[in-house]
Amino acid sequence: MAKEKSTEQNNPMEKLVSLCKRRGFVFQSSEIYGGFAGVYDYGHYGTLLKNNIENAWWSHMVQYRDDVVGLDSAIFMHPKTWEASGHISSFDDPQVDCKKCKARMRADQLLESFGIQADKESLDFINKELDKLRKDKKLKCPICGSTDLTEAKRFSLMVKSNLGAPTDALSEENVVYLRPETCGGIYLNYKNTVDSTRVKLPFGIAQIGKAFRNEIIARQFIFRTREFEQMEMQYFLDPKDMKEKYDMWKEIRWDWYLEYGLSKNDIKWHKHEKLAHYASEAWDIEYNFKSLGGFKEVEGIHARGDWDLCQHSKFSGETLEYLDEETGKKFTPHIMETSVGLNRLFLMFLDNALVEEPVRNASHSDAGGEVNDETRTVLKLDKRLAPIKVAVFPLLKNKPELVKKAREIYDNLKTQFMCEFDDNGNVGKRYRRQDEIGTPYCITVDFDSLEKGDVTVRDRDTMKQDRIKIDELSDFLKEKLKK
Ligand code: GAP
């Protein structure tokens with residue numbers, strides 16, 4: 001037990017995973033059946049945080065803009081969609097299996113552990129390098145140490161099922177794919193959007209939704225999972241505007257991270273040197289994950305040319321051009337996209353917000369409040385992202401007059417903010433609990449509140465306490481929670 005605690009103390013990822021479970025942010029899927037690899041569930045606070053991140057993205061990408069509209073397309077699409085997009089023929093990773101312990105590995109990542117950089121598409125190169133390591137007796141399973149590893153083979157990341165089949169036996173004839181990215185639905189609704197809204201080039205279509213990839217390795221908690229959510233925006237434009245708009249979106253997305261509390265030192269750009277055949281430019285925003293030991297991709301910004309619309313036009317037989325009413329010119333718009341994983345952002349925000357610090361303030365100590373020699377764990381999330389905005393406490397649980405007043409305040413505030421009522425344990429414990437879930441303000445109702453009509457409002461980050469009139473609480477909190 002002591003050993004477990006000490007690893008957790010030193011390991012940022014274990015600390016984060018433990019907080020997520022303890023406080024109901026994230027649970028392993030199907031835990032009572034022993035878990036289900038690469039899939040996670042979100043508890044009460046996790047769901048609230050995820051919704052707030054979604055809203056933060058949606059408001060900046062759609063609500064505050066005149067040139068982006070929304071979409072919510074279905075997960076299932078005509079299977080030809082994925083033939084046209086190239087996913088069926090080439091959305092795969094090179095896989096190696098250990099014949100002894102049955103572990104599955106990404107062959108390119110295995111080579112990387114020997115300092116060999118391999119492009120995941122070049123299977124021949126990968127197998128030659130694996131052979132060399134095998135001959136030198138260096139190739140071993142990183143899990144069990146066996147030297148009995150298979151050759152690298154292509155492994156499709158597409159998740160397949162059947163729909164509308166006459167029997168329940170799986171058949172290729174009735175194949176259907178769970179979308180591996182959300183943008184497919186955007187391309188298929190390009191024409192519907194142009195015909196039904198008043199959009200003019202350049203314009204974007206944004207959507208948030210589930211995507212599925214049969215990842216060979218789904219470790220690192222929620223960083224890479226088999227079921228996840230993407231937030232994607234496809235911006236349709238005249239190719240002459242690509243450079244200007246690409247730079248514009250790079251700046252917009254960069255600023256979004258700063259707006260929600262990331263430091264400039266913790267994010268950076270990574271330019272893709274090797275591009276997909278249709279792409280002319282690709283940059284990632286990377287965040288310096290403490291829990292993953294360094295910078296990793298969170299978002300991709302890609303110039304995709306006219307490839308997607310041309311392919312879907314070719315495979316569907318439908319014209320997907322744009323008529324410029326001013327010039328009379330007809331052409332296939334080019335596309336640039338911003339694409340980010342919601343769950344990956346969730347991990348990024350938690351990683352960035354999780355702080356352990358000594359408690360300095362000494363107040364309410366008579367009621368078991370904050371004392372000097374403690375360490376507190378606090379999630380210093382941007383207030384707009386915090387799952388619970390305000391917690392309301394009666395100082396003492398066994399004083400009905402305090403509980404009644406606190407309930408009254410809570411019932412009033414909960415119609416305006418996501419609030420929580422807590423009368424469990426002493427006030428110090430309640431603060432610790434709210435700190436761990438990132439609640440920006442805690443309100444305590446004490447005996448003075450009954451006489452003077454004011455309450456203590458305690459700030460999560462500074463731990464400073466102010467007396468605020470009950471009548472002014474709503475305006476006070478509205479102002480404080482704006483940003
Ligand atoms: N439409 C472009 C596209 O899907 P991508 O680089 O494959 O591009 C974009 O994915 C983003 O989606 C990534 O930067 C990451 O945030 C997220 N993502 C991709 N695969 C993921 C996975 N298996 N688990 C969690 N997030 C993932």
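In listed order, ligands and their atoms are each counted from 1. Bear in mind the structure is a predicted one, so any value in this text is a computation, not a measurement. We number each residue from 1, following the sequence as shown.
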* Asked: Within 45 degrees of the axis of the six-membered ring of F155 and under 6.0 Å from its centre: does R106 put its NZ or CZ there?
  -> no

* Strictly under 6.0 Å, is that where the ring centroids of H60 and Y260 end up? -> yes

* Asked: Would you say the ring centroid of F289 lies under 6.0 angstrom from that of F223?
  -> yes

* Output yes when the distance from some N or O of ligand 1 to some N or O of G341 is under 3.5 Å, and no in every other case. => yes

* Considering the heavy atoms of E297, write down every atom of ligand 1 situated less than 4.0 Å from one of them. => 6 (O), 13 (C), 14 (O)

* Regarding K329 and the six-membered ring of F331, is the cationic atom NZ or CZ under 6.0 Å from the ring centre and inside 45° of its axis? -> yes

* Check: Y40 ring centre within less than 6.0 Å of F221 ring centre -> yes

* For atom 18 (N) of ligand 1, the protein heavy atom that lies nearest, with its residue and separation -> F228 CE1, 3.6 Å

* Can you tell which of R344, Q234, R224 gets a heavy atom nearest to atom 15 (C) of ligand 1? -> R344

* Could you list the atoms of ligand 1 found under 4.0 angstrom from a heavy atom of F223? => 24 (N), 25 (C), 26 (N)

* **Contact check: T225 vs ligand 1, nitrogen or oxygen atoms, below 3.5 angstrom** => yes

* Give the atoms of ligand 1, by number and element, whose distance to some non-hydrogen atom of C183 is under 4.0 Å. => 1 (N)

* To do: Kindly indicate whether a cation-pi arrangement holds for K330 with Y322, taking the cut-offs as under 6.0 Å to the six-membered ring centre and within 45° of the axis.
  => no

* Structure fact -> With heavy atoms and a 4.0 Å threshold, my read on which part of S339 contacts ligand 1 is both

Donor-acceptor list for residues 159-166 side chains, cut-off 3.5 Å, not counting sequence neighbours:
| unit_1 | atom_1 | unit_2 | atom_2 | d |
| --- | --- | --- | --- | --- |
| K160 | NZ | E172 | OE2 | 2.6 |
| N162 | OD1 | S171 | N | 2.5 |
| N162 | ND2 | S171 | O | 2.8 |
| N162 | ND2 | N174 | O | 3.2 |

* Pull out every atom of ligand 1 sitting under 4.0 Å from any heavy atom of E215, numbered as shown with elements. => 22 (C), 23 (N)

* With a cut-off of under 6.0 Å to the ring centre and 45° to the axis, is R304 in cation-pi contact with W307? -> no

* To do: For E232, take its heavy atoms, then give the atoms of ligand 1 lying under 4.0 Å from any of them.
  => 1 (N), 2 (C), 3 (C), 4 (O)

* Using a strict 4.0 Å cut-off to heavy atoms of E181, name the atoms of ligand 1 that fall inside it. => 1 (N), 2 (C), 3 (C), 4 (O)

* Using a strict 4.0 Å cut-off to heavy atoms of E337, name the atoms of ligand 1 that fall inside it. => 1 (N), 2 (C)

* To do: Would you mind finding which of R226, R304, R213 brings a heavy atom closest to atom 5 (P) of ligand 1?
  => R213

* **Partners meeting side-chain hydrogen bond (donor to acceptor under 3.5 Å, both in side chains) with E31 (sequence neighbours left out)** => K21

* Are Y42 and F25 near enough that their ring centres are under 6.0 Å apart? -> no

* Using a 4.0 Å heavy-atom threshold (strictly under), name the region of V298 that reaches ligand 1: side chain, backbone, both or neither. => backbone

* **Any N343 heavy atom less than 4.0 Å to ligand 1** => no

* **For atom 10 (O) of ligand 1, the protein heavy atom that lies nearest, with its residue and separation** => Q230 NE2, 3.5 Å

